[in-house]
Amino acid sequence: MNRSLSITTKHGLLKTPFFMPIATQGAVKSLTVADLKRLGATIVLSNTYHLYLRPGEKLLNSAKGLHGFMKWDGPILTDSGGYQVFSLGAKNNNGLVKLTDDGVEFKDHLRGGKHFFTPERALEIQSAIGSDIRMVLDICSEYPCTEEKAREDMERTLAWAERSIEYKKKNDGDYLLFAIVQGGMHQSLREECARRLVEMPFDGYAIGGVSVGEPWEEARKVLDWVVPLLPENKPRYLMGVGKPEQMQEAYRKGIDMFDCVIPTREARHAKLYTTDGTTYGEINILNEKYSTDFSVINPNSKLEELQTYTKAYLRHLFIVKEPLALRLATLHNLETYLTLFSSNSS
RNA sequence: GCAUGGAUGGCGGAGUGGUCAAACGCACCAGACUGUAAAUCUGGCGGCUUUAUGCCUACGGGGGUUCGAGUCCCUCUCCAUGCA
């Protein structure tokens with residue numbers, strides 16, 4: 001079953017399934033927009049919290065949004081900052097984040113200043129960014145999480161989803177709004193959350209609260225509980241997952257959209273994700289055995305640099321800390337990730 | 001030739017009588033990373049042993065003092081600086 005949907009956005013038509021390279025701060029680290037086009041990226045993901053801190057809404061407004069600023073003319077999806085509540089706060093329990101029913105108070109990680117995000121505020125900032133697909137502010141339960149805490153997070157996520165819908169109705173609504181299913185690793189919560197969200201008129205539904213440290217088996221179960229409850233005709237987005245095989249499995253289970261920091265972050269850490277078109281592998285290019293491996297980085301690449309430069313050369317660039325290493329590795333991993341579904345969807 | 005100060009692991013550099021196979025860097029080897037506080041973090045890094053609170057060899061060479069020396073003494077070699 002080759003599930004495929006079309007998603008219409010202000011900046012073009014998207015065809016699922018697809019992977020979204022992550023441009024948290026308005027750039028896919030080490031790449032240009034032209035690189036992204038060459039790689040065949042159709043959409044990028046950016047981040048409300050980070051862009052709110054820098055460059056800030058005011059500048060984004062005068063730059064004609066993130067599209068105008070970074071010169072990407074395709075669709076942009078923005079995460080709401082919900083994940084930063086988790087990664088800056090809940091995950092470390094460092095007092096940077098305080099949750100209430102109304103919203104979340106942050107101490108930002110740069111200057112320590114206080115900020116208050118509500119679901120409405122998160123959408124307001126996303127409007128300054130001008131993203132095509134906007135995520136509701138949610139609460140990502142940590143792993144592991146008691147049922148009691150997961151329910152509290154879920155109830156807030158649901159209430160915030162409702163408020164987000166209201167906000168969209170009252171304001172310029174020329175964008176797609178996605179809800180996020182939470183509920184930890186608890187089947188009843190996940191199912192309840194999905195059912196209640198589906199009753200609200202969202203343009204798409206994401207599954208959040210996975211890839212937070214749980215074994216893949218757990219995430220797989222969440223997919224099995226939630227996906228059947230989501231509407232067939234609306235896009236389903238699995239947030240933050242994952243390894244190539246995990247994404248393909250999730251696609252088979254009915255997921256349409258993916259994002260993950262793995263290809264870009266790990267590229268900068270010298271891990272290369274390889275494929276021969278059917279199977280996937282990982283190599284640490286820093287390993288000594290590549291010091292004399294003069295085979296090219298990827299003979300099947302559509303990028304000239306990847307079928308020219310050798311592995312031994314790339315390893316050398318990493319060792320001497322040449323910035324070109326980060327760029328080549330990032331190009332390589334994204335190419336692998338962006339061709340993940342090219343055989344399934346035709 | 002005299003005087004003074006040095007000589008420590010691949011390199012730099014701690015250490016002045018025991019808890020030193022030797023801090024900390026660097027280099028090297030390996031691992032981690034899943035809605036990016038991440039060009040980051042973790043581990044290893046004399047030899048042997050599967051492991052170890054294990055054994056062996058080690059702080060320029062040789063000799064000595066001491067229960068015990070990288071640390072104290074004598075001597076040799078080399079290096080640096082100063083004076084002849």
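Chain identifiers are assigned alphabetically (A, B, ...) following the order of the sequence lines, protein sequences preceding nucleic acid strands; residue numbering begins at 1 within each chain.
- Of the residues near RNA chain B, A:Arg268 and A:Asp138, the one whose nearest nucleotide (by heavy atom distance) lies more toward the 5' end is A:Asp138.
- Taking atom CG on A:Leu314 and atom C1' on B:A39, their separation rounds to 13 Å, with Å as the unit.
- Legend: residues meeting ring pair (Phe, Tyr, Trp, His ring centres under 6.0 Å) with A:Tyr52, ordered by chain and number and at least two apart, are A:His115, A:Phe117.
- The partner of B:U57 is absent, by the rule that a Watson-Crick or G-U pair needs both atom distances under 3.5 Å.
- With a cut-off of 3.5 Å on both Watson-Crick or G-U wobble distances, the partner of B:G9 is given as none.
- Rounded to an integer number of Å, the gap from A:Glu282 CD to B:C33 P is 8 Å.
- Residues A:Lys149 and A:Glu142 are paired through a salt bridge, judged by an N-O separation under 4.0 Å between the basic side chain and the carboxylate.
- With respect to A:Lys169 and A:Glu166, a salt bridge is recorded, a charged nitrogen being found less than 4.0 Å from a carboxylate O.
- Each of B:A32, B:G35, B:U36 was ranked by its minimum atom distance to the side chain of A:Asn47; first place goes to B:U36.
- For B:U36, the OP1/OP2 oxygens have a side-chain nitrogen or oxygen of A:Gln84 closer than 4.0 Å.
- A heavy-atom distance below 4.5 Å is not found between the side chains of A:Glu162 and A:Leu158.
- Placement of A:Met247 and A:Val227 within a single hydrophobic cluster is found when ILVMFWY residues are connected by side-chain heavy-atom separations under 4.5 Å, directly or transitively.
- The pair A:Lys234-A:Asp256 fails the salt-bridge criterion, with no side-chain N (NZ, NE, NH1 or NH2) lying under 4.0 Å from an Asp/Glu carboxylate O.
- Across the protein-nucleic acid pair, A:Met20 atom CE and B:U34 atom P stand 17 Å apart, rounded to whole Å.
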Contact letters for nucleotides 24-31 of chain B, in which S counts primed atoms plus P, OP1 and OP2 and B counts the base, heavy atoms under 4.0 Å: ----SSSS
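- When the side-chain nitrogen and oxygen atoms of A:Thr24 are compared with OP1 and OP2 of B:U36, one or more of them lie within a distance under 4.0 Å.
- Between the CG atom of A:Leu31 and the C1' atom of B:A39 there is a distance of 13 Å, given to the nearest Å.
- For the pair A:Lys10 and A:Tyr175, the cation does not sit on the ring face, since its NZ or CZ is not both under 6.0 Å from the ring centre and inside 45° of the axis.
- The P atoms of B:C26 and B:G44 are separated by 15 Å, rounded to the nearest whole Å.
- Nucleotides B:G64 and B:A14, compared at atom P, are 31 Å apart to the nearest Å.
- Taking the charged nitrogens against the carboxylate oxygens, A:Asp224 and A:Arg220 have no contact shorter than 4.0 Å, which rules out a salt bridge.
- Judged by centroid separation below 5.5 Å and plane tilt below 30°, A:His269 stacks onto the base of B:U40.
- Across all strands shown, B:A80 forms a Watson-Crick or G-U wobble pair, both distances under 3.5 Å, with B:U4.
- B:G43 is paired with B:C29 under the Watson-Crick or G-U wobble criterion, all donor-acceptor distances under 3.5 Å.
- Looking at heavy atoms from C-beta onward, A:Arg196 lies in side-chain contact with A:Glu155 at the 4.5 angstrom threshold.
- The interatomic distance linking A:Lys29 (NZ) with B:A38 (P) rounds to 6 Å, in whole Å.
- Scanning for salt bridge (Lys or Arg N to Asp or Glu O under 4.0 Å) contacts around A:Glu120 gives A:Arg163, with sequence neighbours left out.
- Heavy atoms of A:Ser30 sit nowhere under 4.0 angstrom from any nucleic acid atom.
- Within the shown strands, nothing qualifies as a pairing partner of B:A22 under the Watson-Crick or G-U definition with both distances less than 3.5 Å.
- Residues from residues 98-117 of chain A placing a heavy atom under 4.0 Å of any atom in RNA chain B, listed by number, are A:His109.
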Stepwise ring-ring contact (aromatic ring centres under 6.0 Å, His included) test for A:His316 and A:Tyr290: CA-CA 9 Å; A:His316 168 257; A:Tyr290 296 108; over 10 Å; no
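- Atom CD of A:Glu217 is surrounded by more than 12 heavy atoms from other residues, nucleotides or ligands within 6.0 Å.
- Listed candidates were B:C33, B:A38, B:A39. Nearest to the side chain of A:Leu326 is B:A39.
- Within 4.0 Å (heavy atoms only), A:Asp259 reaches sugar-phosphate atoms of the nucleic acid but no base atom.
- Using a 4.5 Å cut-off on side-chain heavy atoms (C-beta onward), A:Val136 and A:Trp160 make no contact.
- B:A39 and B:U50 have their P atoms separated by 40 Å, with the value rounded to a whole Å.
- Listed pair A:Ser211 / B:G35 fails the phosphate criterion, with no side-chain N or O lying under 4.0 Å from OP1 or OP2.
- Residues from residues 180-207 of chain A lying near RNA chain B, meaning a heavy-atom separation below 4.0 Å, are A:Ile180, A:Gln182 in numerical order.
- Spacing between B:G10 and B:A3 at atom P, rounded to whole Å, works out to 34 Å.
- A gap of 16 Å separates the P atoms of B:G13 and B:A23, to the nearest Å.
- Residue-level contact check: A:Gly209 touches the bases, meaning some heavy atom is under 4.0 Å from a base atom.
- Judged by distance alone, with hydrogens and angles left aside, A:Thr264 brings a side-chain donor or acceptor within reach of the base of B:U36, the pair sitting under 3.5 Å.
- Less than 4.0 Å separates RNA chain B from at least one heavy atom of each of the following residues of residues 218-246 of chain A: A:Met239, A:Gly240, A:Val241, A:Gly242, A:Lys243, A:Gln246.
- When the C1' atom is compared between B:G46 and B:A21, the two are found 7 Å apart, to the nearest whole Å.
- Using P as the reference atom, B:G43 and B:A58 are 31 Å apart when rounded to the nearest Å.
- Under the Watson-Crick or G-U wobble criterion, with both distances below 3.5 Å, B:A69 is left unpaired in every strand shown.
- In this structure, A:Glu249 atom CD and B:U34 atom P are separated by 19 Å, rounded to whole Å.
- Each of A:His67, A:His11, A:Lys37 was compared with A:Asp73 under the side-chain hydrogen bond (donor to acceptor under 3.5 Å, both in side chains) criterion, and only A:Lys37 meets it.
- Side-chain contact, A:Ser291 with A:Asp293: no donor N or O sits under 3.5 Å from an acceptor N or O.
- Results of the ring-ring contact (aromatic ring centres under 6.0 Å, His included) test with A:Tyr337 over A:Phe19, A:Phe18, A:Tyr280, A:Phe258 single out A:Phe19 as the only residue that passes.
- Taking the P atoms as reference points, B:A80 lies 32 Å from B:G47, given to the whole Å.
- Rounded to whole Å, atom C1' of B:U34 lies 10 Å from atom CZ of A:Phe86.
- The existence of a salt bridge linking A:Arg156 and A:Glu152 is confirmed by a sub-4.0 Å separation between a basic side-chain nitrogen and an acidic carboxylate oxygen.
- Put simply, CD1 on A:Ile133 is 13 Å from C1' on B:G35, counting in whole angstrom units.
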